[in-house]
Structure formats: structure tokens, C-alpha cells
Amino acid sequence: MADDYRVIGTPVVRPDGAEMISGQAVYGPDVTQPGMLWGKILRSPLPHARIRSIDVEKARALPGVTVISAHDVPDRRYGYAIEDEQIFAVEKVRYAGEPVAAAAAPDEERALEALSLIDVEYEELPAVFTAAEGARDGAPLVHEELGPARSVYLASWNPVPGTNIIHQASHHRGDVDAALARADYVFEDTFHASQIHHCYMEPHATLASVRGSEVTVWTCSQEVFQLRTLLAGLFAIPESRMRVINTKVGGGFGGKIEPRLEPVAVALSMHSRKPVKMVMTRAEEFTAAAGSTPATVTVKTGVMKDGTLAARDIDFLWDTGAHAEGLPPSNRAMKDGNGPYRVHDLRISSTLVYTNKMRGTQLRGLGVPEGAFAIESQMDMIAERLGMDPLELRLKNILQEGDINSIDDVVQSIGLQECLESVAREIGWGEPKPPNVGRGLAVIAKSPTTHSSISAAYVQFNEDGSAQVLVGASEIGQGMTVVMCQIAAEVLGLPVEQVGISSADTATTPYDRGTFSSRVTFYTGMAVKIAAEDARNQLLDVASRMVEIPREDLAVAEERVVSPVHPELSLTFREVLERAHTSERPILGRGTYGGKGDYPTLPHKAQRKEYVPGWKYAAQAVEAEIDEETGIIRVRRIASAHDVGKSLNPTSVDGQIVGGVVMGLGYALHERLQFDNGRIVNPSFMDYKIPSSQEIPEIAPIAVEVPLPEGPFGAKGIGELAIVGIAPAIGNAIHQVLGVRLKELPLFPERVLEAVESQRKDHGG
Amino acid sequence: MALLDLKVNGQEAQVEAPDTALLLDVLRERLFLTGAKRGCETSHCGCCTVRVDGMAVHSCVVLAARCQGKEITTVEGCGDGMELDRLQRLFLEHGAVQCGYCGPGMLMAAKALLERNPQPTLDEVKKGLDGNLCRCTGYTPIFDAILAYSRGA
Ligand code: FES
Ligand code: FES
């Protein structure tokens with residue numbers, strides 16, 4: 001029975017908690033090496049310009065300074081999906097913030113002084129700043145040549161040569177046009193999601209050290225192995241000579257997946273023959289790292305009088321900026337764009353466009369928040385027109401066990417209805433409320449991670465009977481370390497304090513795809529479970545030889561080998577390990593997990609892809625007070641229910657939910673990177689406000705447990721969905737109070753007022 | 001360059017630093033106390049919060065020279081050897097530490113708050129942490145930890 005677990009499901013404290021709260025954890029900016037230099041990047045001030053010349057001679061004349069630009073580094077392109085980037089701009093710059101040169105010096109001031117002595121002559125080029133402009137015929141080209149794509153993306157990659165469209169895709173099921181024609185009502189609306197920033201508190205920081213033929217990079221990354229592969233390829237050295245060591249990571253949210261400082265730091269270290277440390281300023285974070293990938297979403301939905309969704313046609317137009325890191329969100333929207341609804345006749349198209357701006361990349365939920373704002377706003381518009389309760393309309397159309405979802409999979413282990421009913425109950429749906437208070441709902445879903453979502457783990461017994469878990473996934477604050485220790489402890493019959501865990505290091509921990517897309521609990525968790533079972537079995541083998549009882553009759557419990565058939569038997573782990581270590585061999589359990597299938601492109605059934613387990617579902621409800629005079633929205637309460645499969649650690653689960661909800665609050669109400677001719681004009685926490693302690697409403701996290709048979713102890717990932725539904729739920733609450741519909745994020749007070757004003761005019765005229 | 005006499009976590013330290021050196025940089029680069037973090041350049045994140053004569057300050061905007069003769073307390077001055085203090089333990093038990101980057105600053109702000117006001121209301125806690133940003137936890141677990149402390153939990 002599920003509830004028999006000893007360690008699983010208990011609120012165990014993180015093993016790395018003490019080092020963090022005592023200030024001793026070593027984050028990216030805390031790493032030092034003897035004799036290290038500080039590296040700084042000279043960035044383009046212009047969004048689109050030809051580089052006429054770069055003169056570094058004056059800078060190089062400074063004593064103790066190393067200066068490099070495009071001439072000094074490998075002439076190779078890189079990128080995880082599309083290889084469209086070089087270490088420094090070659091021939092032209094494509095966004096304000098692009099690296100043009102770099103300097104390393106014994107201190108930061110000297111490095112900055114060197115940068116100030118570099119002369120770059122630019123010739124400004126016409127630029128494009130929105131996806132719509134970029135997609136227009138004859139628009140100035142951000143990249144004259146498109147691609148190439150990395151091999152995993154090749155089969156699905158569909159660029160339009162001679163344009164800024166780096167990828168275009170369309171997925172079609174049934175006969176959408178006929179179904180729309182048959183529908184009683186057709187709704188067509190366009191929504192805009194803004195570009196937000198990850199705003200992890202720890203800025204990007206890297207220290208690279210080249211010694212002989214070995215390169216070591218300490219960095220706060222979400223994916224050390226992918227980074228190693230990229231760096232090794234870029235500098236043409238074997239992966240065995242390229243070591244990437246994770247520091248403590250001070251938050252990621254998708255912003256620390258792809259390389260940022262690492263290629264420059266390695267190049268500077270190669271040239272200076274000294275360790276080089278680089279830390280981004282917050283202004284660099286805002287102007288040159290990355291943001292989310294913003295989208296314009298047009299949804300056409302056909303509905304029958306009784307509220308049945310008949311057909312949907314969704315079109316996404318994505319602005320990826322100067323580099324195509326928006327490919328994963330745009331691909332994900334192809335699967336997840338329809339939300340958790342039963343719609344047979346369905347078309348989803350997605351167009352990813354280059355512009356002359358800082359790139360968009362993955363950000364918590366990648367592609368799901370943009371689609372959900374559109375779909376969940378429109379669901380309430382539909383409900384209003386039909387005179388239906390928005391809760392009823394959703395209950396009528398959400399996916400249920402056994403339904404066919406948007407990508408032709410049979411829905412399994414879904415707890416969505418329970419999520420929806422529990423948030424409705426929690427928020428007091430249908431109960432009386434003051435006239436200026438509204439309530440709004442949203443339901444959301446996210447498909448499992450795709451392409452090569454693989455993980456490996458070792459579980460090793462120490463001599464005293466305690467155990468060590470080795471995994472290469474990154475702890476970025478989500479609580480992976482404690483959950484992996486719990487999984488191992490549960491299997492091994494150890495108290496959780498007796499299990500230690502390593503931090504990702506490509507030279508010592510086994511391969512893992514990394515921390516992204518809520519995948520670690522599931523994939524890395526399965527690898528750890530398998531490795532722990534292997535270690536336990538090896539331990540029982542040794543014990544079996546010691547006591548001459550067959551292994552099948554032995555079990556582990558409370559740091560001992562016991563036997564249900566021989567109740568008198570009690571052998572401590574330490575005794576078994578002593579035997580293993582003195583006269584047999586060490587015990588090293590090994591686990592690998594690769595999930596069940598893959599669907600990088602659609603329709604995946606046509607490619608005979610298997611069902612991939614691990615869809616995530618959630619429902620959210622808000623209660624907000626809206627001031628009609630000022631347009632100010634005060635969110636009073638939020639309920640967020642998540643189908644977690646099995647909650648492995650309630651503290652971590654609640655933490656992911658509450659943290660995600662608050663990030664969703666910022667996304668909904670006030671976060672937005674603001675551009676003027678391609679330049680970001682709010683690059684600080686003063687002008688770009690993330691939620692502060694003062695605006696936190698009452699939040700009720702709810703874990704619904706519908707076990708996923710394939711997951712570790714039934715668990716599913718949880719990290720992302722909590723950000724997703726807050727914006728549409730607040731939009732729905734605003735509509736309930738004022739009768740106006742806001743279709744653009746964030747929901748600024750002045751936008752609320754404008755909407756009220758234009759509604760007044762419409763009614764007046 | 002000046003020779004500064006600082007008292008950090010109860011210990012005297014003499015540091016050579018430029019007159020314009022910021023307390024945060026002196027702590028991190030000269031004294032190797034990297035518990036206080038840098039998260040911005042505009043005094044908006046609070047990751048650098050330490051206590052000077054009991055007051056929580058953003059050490060990224062305080063001149064080190066101005067702290068001479070004052071008691072500077074950083075996160076490294078909390079707890080005892082391998083033992084965490086009670087507020088640190090409550091932070092962990094309530095899940096107030098996710099990525100942990102804001103943690104040392106939050107902790108110091110919370111300590112200053114609790115000393116000023118040992119029985120704060122939830123609103124007072126929210127106000128007291130206004131200078132400290134956290135992107136991971138959604139703050140609620142931090143409030144809970146502080147309130148649990150004041151309740152004597
Ligand atoms: S570093 Fe951000 S307030 Fe001091
Ligand atoms: S725990 Fe990550 S910023 Fe607060």
C-alpha cells in the first residue's frame with residue numbers, strides 16, 4: 001500500500017539546507033582559484049549593425065590584460081537546437097547586448113578599463129523588432145543563412161529560407177474547417193503574452209581554468225552534460241578533457257540551460273593561461289542573457305449550444321529574438337497549446353521568427369503559459385456567451401481517463417477533475433462576494449519531456465552501511481537532492497540522514513540530461529530507484545553467502561538484513577559491508593532510465609512513436625479585488641491544485657507550488673521587458689519589478705495524488721505548472737467584476753482603465 | 001588605499017582597501033565571507049543584507065570605511081560550529097530555502113526584524129522583508145518560519 005512508506009511522503013529537510021542557510025554553500029559567484037583573472041564582455045550597443053572594424057591594440061597594451069575578439073576564437077557556430085551563435089559577433093551584430101570582444105585582467109576595474117579602450121566601428125543596419133515585422137516579406141534579415149539544426153531537431157525542423165522564419169510547423173487532426181462551420185458559435189480572439197525575465201537571484205557566473213590539455217569549468221548550470229558536449233565541440237577537444245562542475249545554482253527557471261558566459265571564459269583562459277572568472281551584472285542579465293519567448297496567440301474555437309467544444313484552430317507567432325532558443329517553447333505549444341481539453345478537430349500552427357532583440361529562451365512552463373492565457377481567457381468568454389458557469393463549462397470539456405488527448409495519446413492517470421473541484425471549493429466558487437471582488441479559474445496541462453530524456457545514477461554503499469547517491473542532474477533549488485535521498489533511503493531501508501548525495505560534475509557523476517521541464521523527479525528519480533534496488537540486491541547477495549539463506553528470503557529493514565522466514569536473523573549493514581569490502585567487492589548499484597518513447601515532432605503517431613508517460617495537470621483559482629477608479633488589482637487569495645502523482649516530499653511540493661504561483665503573479669500583473677528600438681529600457685529590479693514580500697496573497701497549495709504507474713513511487717514532476725494559470729485566472733476575475741476582457745499581458749492598471757473606458761464608449765456610441 | 005579596522009562577527013579584522021570600497025566587496029573579496037551575496041547593482045535585491053550595529057543594511061551600498069567601530073554581523077556569525085541556530089533551523093523546516101541565494105540576506109533581515117519586534121504580525125513580517133527579494137519560495141515559507149520563531153515554536 002502506498003501509505004506504508006517510511007521516508008517517501010514525509011517532509012524531510014534538504015541535506016544541503018544547512019550549508020545554504022549558514023552561508024557556506026559555494027555558488028557561481030563564490031568560486032575562486034589562485035591567480036585567477038576577472039573577465040568582462042564588450043557588448044554591442046546597437047541592435048543591428050555591420051562591424052566595420054575592431055581595434056583592440058590600445059586595450060592590449062595595458063599590462064596584465066588579455067583581450068580577445070572573433071579573430072581569436074574558433075570560427076564555429078553553436079546552439080542546443082539551432083547553431084546560430086558564435087562566441088563573438090562576426091561581421092555584424094544582431095542585438096544590443098551581443099558580445100563583440102572580451103578582456104581578462106587581475107581585477108574587474110582593469111578589465112573594464114581594457115574594454116573602454118577597444119574601438120569598434122559600426123554601420124547601422126535596418127532592424128526588425130517584432131515577430132510580425134520580422135515575418136513580413138522583404139523584412140531585413142537577422143540571419144542571412146538559417147541553421148544548421150542539431151541532429152535531434154533535424155527531422156522536425158522547417159525553416160523558410162530567405163526570411164526570418166527559423167521554424168514553422170502545423171499539426172492537424174480531423175477537419176477543422178468543416179467542424180467550425182458546423183459549430184453553433186465560433187469565437188476568434190488574439191492574445192499577447194509579454195516577455196518576462198527569469199530573475200534568478202544568482203547572476204550567471206563561471207570560472208574556467210585551462211591546465212595543459214584539460215579544461216575545467218565551474219558554473220551554475222541546469223545541464224552540465226549538454227554544456228560539456230557543446231564546449232568540447234566548440235573548442236575541438238575530447239569530452240574527456242572538458243570537465244564541467246556544477247556550483248550551487250541560485251535559481252534557474254530555464255535561464256541557465258544554454259551556455260552564456262562559459263564559451264567566453266574558456267577562450268579567455270586559453271589565451272591568458274590563467275583561470276578566468278566571470279560574473280554577470282544584473283543589467284547584463286536583463287539585456288544580454290535571455291528572457292521568455294513571447295507570443296501572439298490567435299484562437300478560433302467552435303462550440304455547440306450545450307457547451308461542447310467542437311473544434312479549435314490555434315496559431316502561435318513567437319518572437320525568439322536574435323537566437324533560436326525559442327524553438328523548445330514553440331514546439332511545446334504544438335503539443336500543449338490546446339490545454340487539457342477534449343477537442344477532436346484540431347489545428348495548431350506555430351511560427352518562430354528572428355528579431356533584432358535579446359533572445360527568448362525557455363522559462364518555467366516554456367510555451368504553456370502563453371497558450372494557456374489565450375485558451376483559459378477564451379473559455380470564460382465562451383461561458384459568458386452561452387450563459388454557462390465557467391466551472392461547468394470546464395468540467396464538461398476537460399480530459400478524463402481514457403480520453404484521446406491533443407496528440408492522440410490515451411489519457412492515463414489524470415487527476416484534473418479533482419484538482420478543479422478542489423480549487424473551486426477552496427476559493428468559494430459560487431459563494432456570495434462583494435461587488436468589487438471577482439473569482440477566476442484556469443485548468444492547465446503540460447506534456448512530458450521529449451527527445452532523449454535520459455538519466456543515470458549510481459548508489460554506492462559506504463563501509464559503515466550508509467550510502468551515497470551519485471547523479472548528474474542539477475539542484476537549482478527545486479529540492480532534487482532531498483527527493484533523491486528519500487528514494488534511495490526508502491529502497492535501502494536506511495534512515496534518510498544516512499544517505500548522501502553528490503553534486504553534478506561531468507567527471508564524477510553519471511550522465512543526466514539535466515534539470516529542465518519538470519523532468520528530474522521522474523527520470524532521475526527512476527534511475528536512482530533502479531540503482532538503489534541494484535545496490536540492495538548486491539548487498540543481499542553478500543548477506544546470503546554469509547548466512548547461507550537464499551537471497552529471495554532476505555530483505556532490508558532499519559539498517560539490517562532480515563528474513564521473514566528466519567525471524568531470528570539480524571545482520572547489520574555494517575557487518576555485510578565489512579565482508580564485502582574485505583573479502584568480496586564493493587557494492588555499487590547502477591541505474592539508467594530512458595523513459596518510454598519520444599515525440600519531438602507531430603503528429604507523432606504517424607512516426608509510430610510510443611505513449612510517453614508523465615503528463616502534468618493542474619487547476620488554479622484566484623480571488624481578486626479590483627478598484628474601478630484606479631485599475632489596481634489586489635489578489636486576495638489563490639488556490640493551486642496539482643496532480644503530483646505521489647507527493648514524495650510535501651515541503652518541496654508545496655514550495656514548488658507556492659513559488660510558481662508567486663512567479664505567475666508577477667507574470668500576470670507587472671513583469672515585462674520593455675524595449676525601445678530593440679534596447680531594453682528597464683534593466684534593473686527598480687524598473688522591472690518582481691513580486692515582493694508585500695504583495696503576497698494567501699496561497700493554498702493542494703496536492704492531488706493520482707499515481708503514475710511508471711513514476712518513482714507513483715510521482716510526477718511538478719516544477720512548472722504553478723506559474724501558468726494565474727494570469728488567465730486573474731483576467732477572468734477582472735472580467736467578472738468589470739465586464740471587460742484584457743487580452744494583453746501584463747494586466748497593468750492602466751490597461752484595465754483603458755478597457756473600461758473603451759467599453760463605456762462602445763456602450764455610449 | 002586605507003587600513004580599515006573592522007569588527008566582524010565578534011572578531012577584529014584589519015583590511016587594506018580603497019576608501020571607496022563597499023562593505024559587501026570587503027566581506028567577500030578580502031575576508032572571504034561569501035555568505036552575503038550580490039544580486040544587483042541598485043540596492044534592490046537584499047541578497048547582500050548584513051547587520052551593522054543590529055540594523056539590517058544592504059552591504060552593497062555601505063562604505064566599509066563607515067563601518068569602523070561598529071559591530072558587523074554576517075550569516076557566518078550565526079549558529080555555533082556545525083550547529084545551526086533556531087531561526088536557521090526553522091528556515092529549513094519550513095522550506096524557506098530553495099535555491100538559497102536569498103537565504104543569508106533574508107535571515108539577517110529577519111533577525112533584525114525579530115529583535116526590533118519579537119512578536120510581529122504577518123503584515124509586519126511582510127513589511128520587514130520588503131528590501132529582500134526571493135524568486136523561488138513565494139515568500140510564504142519565510143513568513144511561516146519567522147512567525148514560528150516568534151511563537152516560540
Ligand atoms: S546586492 Fe542587491 S541589494 Fe545589495
Ligand atoms: S530561495 Fe532562491 S531566491 Fe530565495
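All values derive from a computational prediction rather than experimental measurement. All chains are named by letter (A, B, ...) in the order of the sequence lines, taking the proteins before the strands, and each is independently numbered beginning at 1.
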field: A/Thr651 versus chain B, the contacting section by heavy-atom distance below 4.5 Å
entry: side chain
message: If you count heavy-atom pairs within less than 4.5 Å of chain B, which of A/Asn649, A/Asp654, A/Val658 leads?
response: A/Val658
query: B/Val125, B/Asp130, B/Val97: which one forms the most heavy-atom pairs within less than 4.5 Å of chain A?
result: B/Asp130
- request: Answer yes or no: is there a side-chain heavy-atom contact under 4.5 Å between A/Pro29 and B/Lys37?
  value: no
message: For A/Glu698, is the CD atom crowded, meaning more than 12 foreign heavy atoms sit under 6.0 Å from it?
response: no
field: Basic-acidic side-chain contact under 4.0 Å: B/Glu29, A/Lys277
entry: no
- prompt: Should the heavy atoms of other residues, nucleotides or ligands under 6.0 Å from CZ of B/Arg66 be counted, would the total exceed 12?
  reply: no
Student check: side-chain heavy atoms of B/His44 and A/Ser684 closer than 4.5 Å: no
message: I'd like to know if the side chain of B/Glu41 and the backbone of A/Arg282 have a donor-acceptor N/O pair within less than 3.5 Å.
response: yes
message: Rounded to the nearest 0.5 Å, what separates atom CD1 in A/Ile657 from atom OG1 in B/Thr140?
response: 12.0 Å
- prompt: Which atoms of B/Leu129 come close to chain A, meaning under 4.5 Å heavy atom to heavy atom: side chain ones, backbone ones, both, or neither?
  reply: both
- request: Drop me the distance from B/Arg28's CZ to A/Thr32's OG1, to the nearest 0.5 angstrom.
  value: 10.0 Å
statement: Honestly, the part of B/Cys47 sitting under 4.5 Å from a heavy atom of chain A is side chain
query: What residue, out of B/Lys127, B/Glu93, B/His94, B/Lys126, has the most heavy-atom pairs lying under 4.5 Å from chain A?
result: B/Lys126
message: Please classify the contact of B/Thr42 with chain A as side chain, backbone, both or neither, using a heavy-atom distance under 4.5 Å.
response: side chain
field: Heavy-atom proximity to chain B below 4.5 Å, by part of A/Ile699
entry: side chain
task: Select, from A/Ser22, A/Ala25, A/Pro203, the one with the greatest count of heavy-atom pairs under 4.5 Å involving chain B.
output: A/Ser22
statement: So CD of A/Gln656 and SG of B/Cys136: to nearest 0.5 Å the spacing works out to 8.5 Å
message: What part of B/Tyr139 gets within 4.5 angstrom of chain A, counting heavy atoms only: side chain, backbone, both, or neither?
response: side chain
statement: Pair count under 4.5 Å, heavy atoms only, with chain A: among B/Thr137, B/Leu133, B/Ile142, highest is B/Leu133
- prompt: Within a reach of under 6.0 Å around CD of B/Gln11, are more than 12 heavy atoms found that belong to other residues, nucleotides or ligands?
  reply: no
message: What part of B/Leu92 gets within 4.5 angstrom of chain A, counting heavy atoms only: side chain, backbone, both, or neither?
response: both
task: Sort out for me which of A/Gly251, A/Ala18, A/Pro11 touches chain B most, counting heavy-atom pairs under 4.5 Å.
output: A/Ala18
- prompt: Can A/Glu108 and B/Arg38 be said to form a salt bridge (Lys or Arg N to Asp or Glu O under 4.0 Å), step by step?
  reply: CA-CA 15 Å; A/Glu108 266 181 301; B/Arg38 184 180 274 286; over 6 Å; no
task: Please flag which part of A/Glu202 lies under 4.5 Å from any non-hydrogen atom of chain B: side chain, backbone, both or neither.
output: both
Side-chain (B/Gln98) to main-chain (A/Gly655) donor-acceptor, under 3.5 angstrom: yes
field: Exercise: identify the closest heavy-atom pair between A/Ile21 and B/Val75
entry: O-CG2, 3.3 Å
- request: Return yes when atom CE of B/Met82 has more than 12 non-hydrogen atoms of other residues, nucleotides or ligands closer than 6.0 Å, and no otherwise.
  value: no
Neighbour count >12 (heavy atoms, 6.0 Å) for atom OH, A/Tyr27: yes
- prompt: So, for B/Cys40 and A/Phe685, which heavy atoms are closest and what is the spacing to 0.1 Å?
  reply: CB-CD1, 3.9 Å
statement: One option among A/Gly479, A/Gly252, A/Pro691, A/Ser652 has the most heavy-atom pairs under 4.5 Å with chain B, and it is A/Pro691
field: B/Phe32, part contacting chain A, at a heavy-atom distance under 4.5 Å
entry: neither
- line: OH (B/Tyr101) and CE (A/Met201) are apart, to the nearest 0.5 Å, by 10.0 Å
- line: Looking only at B/Gly39, B/Gly103, B/Gly138, B/Cys99, most heavy-atom pairs under 4.5 Å shared with chain A are made by B/Cys99
